[in-house]
Every structure is written in structure tokens, then in C-alpha cells.
Amino acid sequence: MAEQTNIQKPQPAANKHVSSNVGGIKSAFPVIVVCFILAVLFFLFVLGNPSNFKVSPSLLSMDKEGPQNLLGTVFKGGVVVPVLITCFLTVIVLCVERWIALSKAKGKGNTTKFVENVKAALRNHDIAKAEDLCRKQKGTVGAVVYATLQKYKEMEKDTVLSKEQKLAAIQATLEEATALEMPALQQNLPVLATMTTLGTLIGLFGTVLGMIKSFQALSASGAPDSTELSTGISEALVNTALGIATAAFALIGYNFYTNKIDNMTYAIDEIGFATVSTFSASH
């Protein structure tokens, strides 16, 4: 008698799950810590390098006089500069991270063409072809549409629910699948949004400190101390520039990636409407 073996057959391609594979950095806190360390090292050993000043008693001393180039001038911005550099580096790292993550979420191929092909397959009532398109596209749009098509097939076989209940079930599946994907798409975008304001406020704080030093130099008895006056002005202007640059990059990055996410959402909504309309017209 032949021995029976329980060998599990591989699933057919039609039953394979479609994953969005968004990925990305889950928490921005480690990024901020690393950027802060790099910012401090850059401030002390690059901006504060003795070659950037005429007189430099010590490498780690803040009492450096006469900056000879732009790096020395930025160093004169004071202790607020490393904080602003931290914010700026964080914005750059998170922008690159979102670029990589959303490129994966976009999937393979053109999203607009994918939407048109799926809609054409639905008009022809070819659900198998629409599923195959989702497996090839992958990404967030492909994953959400694939989950919706599975519910579509399930409702086709259902003989208990009414037509209105079936349509509501398909729409609910679409909304649920979309809601599950959104946190991964929007990961770290709130940090970029915060940097648009935080960069400006920290830069303004550094500007105020610099102006205070400048007025202290002017209020000194006798001739104003030109070194103190220039230091205060440098601190004010450097911090203003760094704060504006950080806020500008953060704002551009936030709006750019928000627009990319909106485009994916529009594509999902368009296919979802076509799916519900197809089911309503054919059942």
C-alpha cells in the first residue's frame, strides 16, 4: 500500500496576495538624534576649524575672532546654529526617505495607465485580467484595488445579501483597505510639517539673541566694540538664513509628497467607483 504524503500544493497565481511594500523609517526620533550628533560635529570641527579665523585660541573655544570665510561667519551664529543644522539635516533625510518609500508605494509602471487598464477590464467584466494587472502593478494602488476585487468576487457568489448590501460591502472593503495603507504613506510627513514652523521659530530665536548682543555692543560706554557688534549681526543673519532655508525645504517636501499621496488616493477612488458601478450594472 502506497504511503500517503501530505504535500501542500503551491497556490495558483490568481490567489497570491498583493503587497504594497511601502516600508520606510517608522520613527523619526533616531533620525533626529543622529542628525544632532552630526550637526554638533560639523559645527565644532568644520565651521569652527582654526583655518576659518584670524585668531583662534582653541579649536573648541567659542572665542574665535575675525572669520576669514563664510564657514567662520556661520560659526559666529552661535549655539543656535547646531540646532538649526539638525533641523535642516532631518528635513533632508526624511525627504529622501519619503521619496524611496513613496516610489515603492507607487508600484511598477504608470499609475494613470494602470487605472485606465483596470477600468477597461472592468467594463469587459474581466475580473481575472484586472487582478493580473494589480499583481503586476503592486504598490499601494495595486494592493487596495486587488483587495476590492476579492470582495467583488465574493459578493458575486453571495446569494443571501441584497444588491444594496453587496455594493455597501464592496465600498466598505475599498475604504478599509485605503485606511490601512494611509499611515504608511503619511509616515514622517507630520515631522516635515512641524519643521516648517519650528525652523522659522528657532531661526527667529537666534536672530533675537544676535540683536541683543549687537545692542549690548552699541550701548557700551565709549566707542562701540566693533567685534561684538559684528558678532551679534552675524549671529542674527546666520540664524535667520538657516531658519528660512529649513522651513522652505520642509514646506516644499511636505507639499510635494502630500500631492503624490493625493494622486494615489484619486486613482484608488476612480477605480473604486468603476468597480462599484460595474457590479451595480451587471448584477
Side-chain angles (χ1 to χ4, degrees), residues 19-47 74-75 77-107 111 138-141 143-144 175-210 235-269:
S19 176
S20 58
N21 295 322
V22 177
I25 299 175
K26 301 303 180 183
S27 174
F29 180 74
V31 174
I32 296 174
V33 172
V34 172
C35 288
F36 176 73
I37 295 173
L38 293 176
V40 172
L41 294 176
F42 181 79
F43 178 76
L44 292 176
F45 298 105
V46 177
L47 299 180
V74 174
F75 181 84
V79 294
V80 181
V81 171
V83 180
L84 286 170
I85 295 177
T86 300
C87 294
F88 185 78
L89 290 177
T90 301
V91 169
I92 298 299
V93 172
L94 293 183
C95 282
V96 173
E97 183 268 341
R98 281 296 87 191
W99 176 270
I100 296 173
L102 292 182
S103 296
K104 293 181 179 179
K106 180 177 176 291
T111 303
K138 298 183 180 181
T140 294
V141 179
V144 172
E175 293 174 357
E176 180 183 357
T178 303
L180 291 174
E181 291 290 339
M182 291 307 294
L185 296 178
Q186 297 176 341
Q187 186 73 38
N188 296 323
L189 286 185
V191 179
L192 287 180
T194 302
M195 289 298 178
T196 60
T197 303
L198 188 62
T200 304
L201 292 178
I202 295 177
L204 181 61
F205 175 69
T207 301
V208 172
L209 292 181
E235 183 170 344
L237 296 179
V238 165
N239 287 309
T240 300
L242 287 176
I244 292 175
T246 300
F249 273 93
L251 182 61
I252 292 172
Y254 178 80
N255 289 334
F256 177 77
Y257 293 120
T258 300
N259 182 65
K260 289 177 72 70
I261 295 173
D262 288 343
N263 290 337
M264 293 183 194
T265 305
Y266 296 150
I268 291 172
D269 291 341

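None of these values were measured; they are calculated from a predicted model.
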Legend entry - Interatomic distance, T194 atom OG1 to L201 atom CG [nearest 0.5 angstrom]: 11.0 Å
Legend entry - Under 3.5 Å donor-acceptor, N239 side chain and F205 backbone: no
Inset, instruction - Would you sort out whether I25 and N188 count as a side-chain contact (heavy atoms from CB on, under 4.5 Å), showing the intermediate values? - result: CA-CA 8 Å; I25 299 175; N188 296 323; 4.0 Å; yes
Legend entry - I202 CD1 to T207 OG1 distance, which is reported to the nearest 0.5 Å: 11.5 Å
Inset, instruction - Give the minimum heavy-atom separation between C95 and Y257, together with the two atoms involved. - result: O-OH, 2.5 Å
Legend entry - Non-hydrogen side-chain atoms of L192 and L189 separated by less than 4.5 Å: yes
Inset, instruction - Find out whether C35 and F88 are in side-chain contact, i.e. whether some heavy atom of one side chain is under 4.5 Å from a heavy atom of the other. - result: no
Inset, instruction - Look up atom CG in L38 and atom OG1 in T90, then write down how far apart they are to the nearest 0.5 Å. - result: 9.5 Å
Legend entry - Gap between atom CE of M264 and atom CG of D269 - 0.5 Å precision: 13.5 Å
Legend entry - Nearest heavy atoms of A105 and V22, plus distance in Å: CB-CG2, 3.8 Å
Donor-acceptor pairs are to be reported for all side-chain atoms of residues 242-256 against protein atoms at under 3.5 Å, with residues two or more places apart or in another chain.
residue: T246; atom: OG1; partner: L242; partner atom: O; Å: 2.9
residue: N255; atom: ND2; partner: L251; partner atom: O; Å: 3.3

Inset, instruction - List the atom of L84, the atom of G199, and the distance in Å for their closest heavy-atom pair. - result: CD2-O, 3.8 Å
Legend entry - Heavy-atom pair with the smallest gap, counting every atom of A39 and P82: CB-O, 3.4 Å
Inset, instruction - Taking all non-hydrogen atoms of both residues into account, name the closest pair between R98 and Q186 and its distance. - result: NH1-N, 4.2 Å
Legend entry - Non-hydrogen atoms of T86 and I32 that approach each other most closely: CG2-O, 3.8 Å
Inset, instruction - Evaluate the side-chain proximity of N263 to T111: yes if any heavy-atom separation is below 4.5 Å, no if none is. - result: no
Inset, instruction - Kindly indicate whether the side chain of V31, heavy atoms from C-beta on, has any atom under 4.5 Å from the side chain of V191. - result: no
Inset, instruction - Answer yes or no: are there more than 12 heavy-atom neighbours, outside K104 itself, under 6.0 Å from its atom NZ? - result: no
Inset, instruction - Applying salt bridge (charged side-chain N to carboxylate O under 4.0 Å, His left out), name anything that partners E181, two or more places apart in sequence or on another chain. - result: none
Legend entry - M182 and I261: CA distance, side-chain angles, deciding distance, side-chain contact (heavy atoms from CB on, under 4.5 Å) verdict: CA-CA 9 Å; M182 291 307 294; I261 295 173; 3.6 Å; yes
